[in-house]
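The residues of the chain are indexed from 1 along the displayed sequence.
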Amino acid sequence: MESDLVKMVKFLWGYSIIQIVIVMGFTLIMVPFLTWVERKVIGHMQVRLGPMRVGYHGILQGIADGLKLLLKENIVPSGADRSIFILAPIISLVPALIAFSVIPFDTWFYITDINIAVLYVLAVSSVGTYGIILAGWSSNSKYALLGALRSAAQVISYELAIGMALVGPLMLAGTFSLVGITKAQTSHWFLLPQIVAFFVYYVAMLAETNRSPFDLPEAETELVAGFHVEYSGMRFAYFFIAEYANMMLVSSMATVVFLGGWNPPFQAWEAMHILKIIPGVLWFFGKMMMILVSFVWVRSTFPRFRYDQLMRLGWKVLIPLALANIVVTGIVLAIVG
């Protein structure tokens, strides 16, 4: 007969598999939903309807786009490095998905909790950049190569800003565990004491995900479509999914580090404890969606930066701001503690 320990291991293994399937499935299902949200929000901001033809108010438009890409031919340019060209979209997509393994959606719902979760997310998400660089290089196209080179310089610049912006909240929480950081915000979120870090993180995450106004690696007016100009069919869809998965990842990190994760607001006030009636996963999802909608709002509002402006903002504004925030946070903690 099996020992209790073996039975427990099998149970936990099966439970982890179920969690992985739920998280990965949710991430992939969210992509067509977010494309619909983006089109509808931009449409209403520009005083038009957005998608209306496929399903109620165009709700099935994302599924129609997915079927179209699935049925399209996957073309490999004659001068391309075939193996790398095929592998590049997968290299971009997989890191964006596996980084969710350490995101805590609720007190009970997270795949795993490691004591270096923040470093894990930064390390894994940066690997996706190799997919963009390899896609541009292997396509045998000058437009794609220029887009890849832009992406490399952009990621190096703004990866530093993101990492430094996270140091302040980590100093307040005293841990690299995302579960620990969330628990440290039970009474109050880190948003207000780390408002400068949040500003730096927010701008840097727009650039890190190649979103407007920092979408220089795929600037249509200059580079046709940037690093994925030679891609078609499902290989193009992989880049598309990776972009939205990265958007969800950086939004989830902002939710955990600055907005209290699964914690309701105003928990320092006893009268607001009634907000705990709402499940933590709904609080998490609501905060994440608020940040994702802000991506669309920024895209509809600001024009694209010039490349020199992009570099200047990263190196001369955001990084010095993040460093100043670290110094001030350390001084305050030394005085208070």
Colleague: Let me confirm one number: the CG-CG distance from Asn263 to Leu275, rounded to the nearest 0.5 Å.
Modeller: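 Between atom CG of Asn263 and atom CG of Leu275 there are 11.5 Å.
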Colleague: When you compare the side chains of Ser294 and Tyr202, does any donor N or O come within less than 3.5 Å of an acceptor on the partner?
Modeller: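 Result is yes, a qualifying pair exists.
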Colleague: Between Ser139 and Leu145, is the side-chain contact (heavy atoms from CB on, under 4.5 Å) condition met? List the steps.
Modeller: CA-CA 8 Å; Ser139 296; Leu145 182 60; over 6 Å; no
Colleague: Quick one: CG on Leu70 to CD1 on Ile63, what's the gap to the nearest 0.5 Å?
Modeller: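 That separation rounds to 13.0 Å.
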Colleague: Mind running side-chain contact (heavy atoms from CB on, under 4.5 Å) on Val229 and Ser141 for me, showing each step along the way?
Modeller: CA-CA 8 Å; Val229 65; Ser141 166; 4.0 Å; yes
Colleague: Answer yes or no: is there an ion pair linking Arg235 with Glu230, defined by an N-O contact shorter than 4.0 Å?
Modeller: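 Result for this pair is no, no salt bridge flagged.
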Colleague: Once the angle between the rings of Phe198 and Phe258 is folded into 0 to 90°, is it parallel (under 30°), tilted (30 to 60°) or perpendicular (over 60°)?
Modeller: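 Plane angle over 60°, so perpendicular.
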Colleague: Does Tyr130, at its OH atom, have more than 12 non-hydrogen atoms belonging to other residues, nucleotides or ligands within less than 6.0 Å?
Modeller: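 Not more than 12 within 6.0 Å, no.
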Colleague: Flag yes if more than 12 heavy atoms outside Tyr238 fall under 6.0 Å of its OH atom; otherwise flag no.
Modeller: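 Counting neighbours around OH of Tyr238, 12 or fewer heavy atoms of other residues, nucleotides or ligands fall under 6.0 Å, so no.
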Colleague: Establish, from distance only, whether the side-chain atoms of Trp315 and Ser157 form a donor-acceptor pair under 3.5 Å.
Modeller: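 There is such a pair (donor and acceptor under 3.5 Å, judged by atom type) between the side chains of Trp315 and Ser157.
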Colleague: If you group Ile, Leu, Val, Met, Phe, Trp and Tyr by side-chain heavy-atom gaps below 4.5 Å, do Leu93 and Val127 land in one group?
Modeller: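 Leu93 does not cluster with Val127.
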Colleague: Side chains of Ser232 and Ile75, heavy atoms from C-beta outward: is any pair under 4.5 Å?
Modeller: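 With C-beta onward as the side chain, the pair touches.
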Colleague: Please check if atom CZ in Phe199 has more than 12 non-hydrogen atoms from other residues, nucleotides or ligands closer than 6.0 Å.
Modeller: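 Open: at most 12 neighbouring heavy atoms sit under 6.0 Å from CZ of Phe199.
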Colleague: Does CG belonging to Leu71 count more than 12 external heavy atoms closer than 6.0 Å?
Modeller: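 Atom CG in Leu71 is crowded, with more than 12 foreign heavy atoms closer than 6.0 Å.
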Colleague: Got a second to check how far Trp36's CH2 is from Asp65's CG, nearest 0.5 Å?
Modeller: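 Trp36 CH2 to Asp65 CG: 14.0 Å, rounded to 0.5 Å.
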Colleague: Check the orientation of Phe285 and Phe26. Use parallel for under 30°, tilted for 30 to 60°, and perpendicular for over 60°.
Modeller: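 Aromatic pair Phe285/Phe26 classed perpendicular.
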Colleague: Rounded to the nearest 0.5 Å, what separation is found between the CG atom of Leu292 and the CE atom of Met30?
Modeller: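 Taking CG in Leu292 and CE in Met30, the distance rounds to 6.0 Å.
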Colleague: Is the number of heavy atoms from other residues, nucleotides or ligands under 6.0 Å of Arg48 CZ greater than 12?
Modeller: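 Enclosed: over 12 neighbouring heavy atoms sit under 6.0 Å from CZ of Arg48.
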Colleague: Please give me the minimum heavy-atom distance between Thr209 and Glu243, naming the atom from each residue.
Modeller: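 Here Thr209 and Glu243 meet closest at O-CG, 4.1 Å.
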Colleague: Quick one: do Met164 and Leu178 end up in the same hydrophobic cluster if we chain Ile, Leu, Val, Met, Phe, Trp and Tyr together by side-chain heavy atoms under 4.5 Å apart?
Modeller: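 Yes, same cluster.
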Colleague: At their closest point, which heavy atom of Gly233 faces which heavy atom of Lys72, and how far apart are they?
Modeller: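 Heavy atoms only, the tightest pair is CA-CB, 3.9 Å.
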Colleague: Does a donor on one side chain sit under 3.5 Å from an acceptor on the other, for Ser83 and Asp81?
Modeller: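 Result is yes, a qualifying pair exists.
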Colleague: How far apart are the C-alpha atoms of Phe240 and His228, what are their side-chain angles, what is the distance that settles it, and do they pass the side-chain contact (heavy atoms from CB on, under 4.5 Å) test?
Modeller: CA-CA 10 Å; Phe240 195 73; His228 52 52; over 6 Å; no
Colleague: With rounding to the nearest 0.5 angstrom, report the CZ to CD1 distance, Arg150 to Ile132.
Modeller: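 These two atoms lie 13.5 Å from each other.
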Colleague: Examine Val121 and Ile91 and state if one hydrophobic cluster contains both, with Ile, Leu, Val, Met, Phe, Trp and Tyr joined whenever side-chain heavy atoms are less than 4.5 Å apart.
Modeller: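 No, Val121 does not connect to Ile91 through the hydrophobic network.
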Colleague: Regarding Gln194 and Thr329, do their side chains bring together a donor and an acceptor under 3.5 Å, going by distance alone?
Modeller: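 Side chains of Gln194 and Thr329: pair found under 3.5 Å.
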Colleague: Please walk me through it: do Phe239 and Tyr231 pass ring pair (Phe, Tyr, Trp, His ring centres under 6.0 Å)?
Modeller: CA-CA 9 Å; Phe239 282 119; Tyr231 282 85; 5.0 Å; yes
Colleague: Restricting to non-hydrogen atoms, name the atom on Ala204 and the atom on Leu318 that form the minimum distance, rounded to 0.1 Å.
Modeller: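 Between these two residues, the closest heavy atoms are N-CD1, 4.3 Å.
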Colleague: Indicate whether the side chain of Ser177 and that of Asn115 have a donor and an acceptor atom separated by less than 3.5 Å.
Modeller: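 Distance-only check fails for Ser177 and Asn115.
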Colleague: Roughly how far apart are Met247 CE and Ile291 CD1, rounded to 0.5 Å?
Modeller: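 Going from CE on Met247 over to CD1 on Ile291, the span is 11.0 Å.
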Colleague: So which heavy atom on Pro104 is nearest to which on Thr182, and how close?
Modeller: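 Shortest heavy-atom separation between Pro104 and Thr182 comes out as CG-OG1, 4.0 Å.
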Colleague: Consider only side-chain N and O atoms of Asn210 and Gln154, and report whether a donor and an acceptor are under 3.5 Å apart.
Modeller: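 A pair is found: one side chain offers a donor N or O, the other an acceptor, under 3.5 Å apart.
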Colleague: Check Tyr120 against Ile98 and note the closest heavy-atom contact, atom names and distance.
Modeller: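 Smallest heavy-atom distance, with atoms named: OH-O, 3.1 Å.
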Colleague: For the hydrophobic clusters of this structure (ILVMFWY residues joined by side-chain heavy atoms under 4.5 Å, transitively), does one cluster hold both Tyr158 and Phe305?
Modeller: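 Yes; Phe305 is reachable from Tyr158 via cluster members.
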Colleague: For residues Phe214 and Val155: do they belong to one hydrophobic cluster (side chain heavy atoms under 4.5 Å, members Ile, Leu, Val, Met, Phe, Trp, Tyr)?
Modeller: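 No: no chain of side-chain contacts under 4.5 Å links Phe214 to Val155.
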Colleague: Going through the checks in order, is the side-chain contact (heavy atoms from CB on, under 4.5 Å) test met by Ile278 and Trp283?
Modeller: CA-CA 7 Å; Ile278 302 174; Trp283 282 114; 3.5 Å; yes
Colleague: Return yes if some donor-acceptor pair links the side-chain N/O of Ser151 with the main-chain N/O of Ala148 below 3.5 Å, else return no.
Modeller: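 A pair under 3.5 Å: no.
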Colleague: Looking at every heavy atom in both Gly260 and Lys287, which two are closest together, and how far apart are they?
Modeller: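 Answer, listing the atom of Gly260 first, then Lys287: C-NZ, 3.8 Å.
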